[in-house]
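Here is the naming used below: chain letters follow the sequence lines, and residue numbers restart at 1 for every chain. Values below: all heavy atoms of this structure, side chains included; hydrogens, waters and symmetry mates excluded. Note that the coordinates shown come from a computational prediction; the quantities given were computed from them, not determined experimentally.
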Number of protein chains: 2
Amino acid sequence: MKRRSPTIRQVQYFVSVVETLNFRSAAATLDVSQPTLSHQIAALEESFGLQLFERSRAGTIMTAAARELLPGARRLLEELQGLCDQAESLALGPAATYRLGVTPTLGPYLLPHVLPAVHKRYAALKLYVREDAPRNLESALVSGDHDLILTPLPVDQPDLTVVPLFNEPVRLVMSSDHRLAEKSRIVRKDLAGERVLTIEEHHHFHQQTQELCARLGAHLLRDYEGTSLDTLRQMVVMGMGVAFLPALYIRSEIHRPQELRIARVHGEDIQRTHALVWRKTSPARSLFREIANEIRSVAAATLSPEIKLVQTSRRKMIGSA
Amino acid sequence: MKRRSPTIRQVQYFVSVVETLNFRSAAATLDVSQPTLSHQIAALEESFGLQLFERSRAGTIMTAAARELLPGARRLLEELQGLCDQAESLALGPAATYRLGVTPTLGPYLLPHVLPAVHKRYAALKLYVREDAPRNLESALVSGDHDLILTPLPVDQPDLTVVPLFNEPVRLVMSSDHRLAEKSRIVRKDLAGERVLTIEEHHHFHQQTQELCARLGAHLLRDYEGTSLDTLRQMVVMGMGVAFLPALYIRSEIHRPQELRIARVHGEDIQRTHALVWRKTSPARSLFREIANEIRSVAAATLSPEIKLVQTSRRKMIGSA
DNA sequence: TGTATTTGATAGATAAAATCTATCAGTTTT
DNA sequence: AAAACTGATAGATTTTATCTATCAAATACA
């Protein structure tokens with residue numbers, strides 16, 4: 001006895017016959033021929049091992065088994081309809097939940113400015129934001145754990161579309177009683193031998209600070225590293241050293257300028273570049289490109305003068321520092 | 001763009017690929033070839049108008065749309081599984097609800113004795129009992145509103161299987177101050193001209209009483225007819241006349257013999273025959289025959305001496321009075 | 001750095017299934 | 001008694017699902 005699973009079609013036919021109790025008119029409603037309907041109902045009965053209808057030339061009546069099965073059959077069809085409806089609305093526009101990974105040293109200070117605009121423009125879209133270190137972000141993006149990441153350059157993974165968004169300056173921050181605090185103009189040589197605090201090693205920003213120090217001849221303090229930019233700031237306030245902090249962080253979190261002095265190093269181009277990155281094969285790539293543009297325009301409108309947009313490029317870019 | 005509804009099979013394939021994220025191993029699990037699986041997934045994507053997977057030689061990952069659709073797909077498959085399970089258990093044994101129609105002049109007095117045994121033997125079976133007048137019962141059985149009826153003979157509908165169960169004597173009932181109450185032996189001529197109360201016309205028992213009166217030369221009182229056997233009894237108690245009442249009713253409901261005199265008419269065979277009836281085409285016919293036997297044996301065991309079994313007959317019988 | 005293995009897609013043939021038309025044999029209606 | 005209507009059946013045809021064989025790209029391993 002071969003027990004093949006019933007077909008959706010067969011279940012639809014079943015419900016139709018129940019509704020009319022007449023094979024011919026049910027067939028007409030379904031737009032199939034009456035023999036087809038009879039055949040499929042017979043096949044369904046075969047696969048259930050049950051008789052569903054008592055047929056007579058005088059009319060068709062449901063069996064007790066059919067009465068028992070009917071509600072489940074209807075639920076099945078409703079589930080299917082729901083699935084199709086959902087698929088249709090998904091096909092119509094972005095209504096899914098996309099997983100966005102962000103660097104902890106940027107996300108909290110940029111996204112609050114950007115997400116409202118994105119949500120306004122794509123009402124049905126949801127972004128599930130998770131923070132992670134940049135190198136984890138990249139591999140998680142490749143493996144499919146994220147759909148989209150917001151990360152500092154460089155990104156050197158093939159198969160990824162990297163759209164640079166903007167340059168974020170990095171400022172020098174010192175306590176107000178620091179020896180350079182009163183200096184109106186700080187240049188490279190002022191920093192020679194200066195003790196520079198940094199964030200934990202696994203952050204991308206750590207490496208950038210390290211390179212910066214090497215370039216400026218400053219001394220990277222590795223005894224005590226901050227677990228976050230906030231910690232770093234506290235350490236600076238307590239006079240443990242100076243630190244480089246991203247401009248968007250400073251804009252968001254430093255509200256008492258009297259306790260800290262924020263300076264730029266003249267003659268030096270100190271900044272990091274952030275990019276939005278996704279898999280080249282992602283079916284939502286065009287949506288992601290639009291989101292990139294949205295972020296760029298919101299950033300340009302609300303975050304200047306801190307940030308400067310990166311030239312838009314039509315080419316797919318492999319990120320460079 | 002032709003948007004055919006997805007197939008159950010396609011949804012199963014979809015869930016399988018989600019579970020392994022590998023087309024080949026999913027195909028092996030499903031016991032189909034990998035090209036078949038690829039093809040069906042592609043067909044599903046086509047019918048949804050959505051991409052469900054990002055394929056690369058390095059691995060397969062779900063799209064956001066697939067993540068959204070997955071729960072619904074799983075629900076759909078669960079509904080199907082539930083339907084199949086239910087069908088299987090229905091095919092295994094009688095687990096459905098059958099609709100049993102009964103005469104009001106028998107049902108309440110017989111079924112309490114019979115149903116417990118039936119339920120014990122067919123634990124999963126449910127009987128939905130409804131009372132109705134015999135001729136309604138018959139047509140409702142034919143039209144499918146009932147699956148089974150318990151009715152007095154005769155039944156003269158073709159296409160029905162009629163299994164006579166037992167003969168139920170009909171007794172003469174009079175008030176204790178009636179002129180015949182003290183008579184130890186009542187015969188036919190005692191009833192000549194006697195005023196006989198009856199139940200409402202649409203009951204089968206009315207007609208039987210009528211025929212009985214004609215045969216015995218009694219006078220059928222039609223001014224005031226009882227709406228139920230209970231009413232009839234009350235009328236007898238109040239001395240409005242005598243009545244014929246079925247033995248099973250008397251057994252069940254008359255507990256104060258001092259206010260009523262119950263007698264038989266000697267030399268007369270006054271009884272009605274009850275039968276269990278179903279459509280010849282009913283798929284549960286073998287079950288119904290078993291139920292008939294069950295009723296017969298329970299009746300024989302617990303309801304004698306009131307009732308006498310009718311000879312079992314292997315032939316399908318068209319009922320006769 | 002090659003080599004073998006693994007990935008999903010593709011082409012074409014084949015098998016299976018659903019569907020159609022035409023017809024039949026009973027029922028009910030007129 | 002005739003006409004209309006019922007679902008079942010037979011056989012042809014179209015559609016669909018599936019298979020085998022193969023490919024091209026990527027990875028894993030030596």
Grab the [atom1]-[atom2] distance between [X] and [N] for me, whole Å please.
{"X": "A:Arg9", "N": "C:dA16", "atom1": "CZ", "atom2": "C1'", "value": "15 Å"}
{"X": "B:Glu54", "N": "D:dA26", "atom1": "CD", "atom2": "C1'", "value": "16 Å"}
{"X": "A:Leu44", "N": "C:dT19", "atom1": "CG", "atom2": "C1'", "value": "17 Å"}
{"X": "B:His39", "N": "C:dT14", "atom1": "NE2", "atom2": "P", "value": "18 Å"}
{"X": "A:Arg55", "N": "D:dT9", "atom1": "CZ", "atom2": "C1'", "value": "13 Å"}
{"X": "A:Asn22", "N": "D:dA4", "atom1": "CG", "atom2": "P", "value": "17 Å"}
{"X": "B:Ile41", "N": "D:dA17", "atom1": "CD1", "atom2": "P", "value": "13 Å"}
{"X": "B:Leu21", "N": "C:dT7", "atom1": "CG", "atom2": "C1'", "value": "13 Å"}

Could you please name the option among [options] that lies closest to any side-chain atom of [X]?
{"X": "B:Ser33", "options": "D:dT20, C:dG8, D:dA17", "value": "D:dT20"}
{"X": "B:Pro35", "options": "C:dC20, C:dG8, D:dA21", "value": "D:dA21"}
{"X": "A:Phe23", "options": "D:dA8, D:dT18, C:dT21", "value": "D:dA8"}
{"X": "A:Thr36", "options": "C:dC20, D:dG7, C:dA18", "value": "C:dC20"}

CG on A:Leu44 to CG on A:Leu50, rounded to 0.5 Å: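 Interatomic distance, A:Leu50 CG to A:Leu44 CG, rounded to 0.5 Å: 9.0 Å.
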Measuring from atom CD1 of B:Ile291 to atom CD of B:Glu294, what distance do you get when rounded to the nearest 0.5 angstrom?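 Going from CD1 on B:Ile291 over to CD on B:Glu294, the span is 8.5 Å.
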Check: D:dA8 base within 3.5 Å donor-acceptor of A:Gln34 side chain: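 For A:Gln34, whose side chain was compared with the base of D:dA8, there is a donor-acceptor pair (under 3.5 Å).
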Please compare B:Arg24 and B:Val32 by the position of their nearest nucleotide in DNA chain D and report the one closer to 5'.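 By nearest-heavy-atom nucleotide position, the 5'-most residue is B:Val32.
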Identify whether the distance between the nearest side-chain nitrogen and carboxylate oxygen of B:Arg285 and A:Glu54 falls below 4.0 Å.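 A:Glu54 and B:Arg285: not salt-bridged.
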Check whether any side-chain N or O of A:Thr60 sits under 4.0 Å from OP1 or OP2 of D:dT6, and answer yes or no.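 Answer no for this pair, as no side-chain N or O of A:Thr60 is under 4.0 Å from OP1 or OP2.
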Under 4.0 Å between a side-chain N/O of B:Ser38 and OP1 or OP2 of C:dG8, yes or no?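 For C:dG8, OP1/OP2 do not have a side-chain N/O of B:Ser38 under 4.0 Å.
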Sugar-phosphate, base or nothing in reach of A:Phe53, heavy atoms under 4.0 Å: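 The answer is nothing, as A:Phe53 stays clear of every strand by at least 4.0 Å.
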Side-chain donor-acceptor pair under 3.5 Å between B:Thr161 and B:Arg289, yes or no?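 Looking only at side-chain atoms, B:Arg289 and B:Thr161 do not form any donor-acceptor pair under 3.5 Å.
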For the residue pair A:Ser16 / A:Gln12, report whether a side-chain donor-acceptor contact shorter than 3.5 Å exists.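 No - no donor-acceptor pair under 3.5 Å links their side chains.
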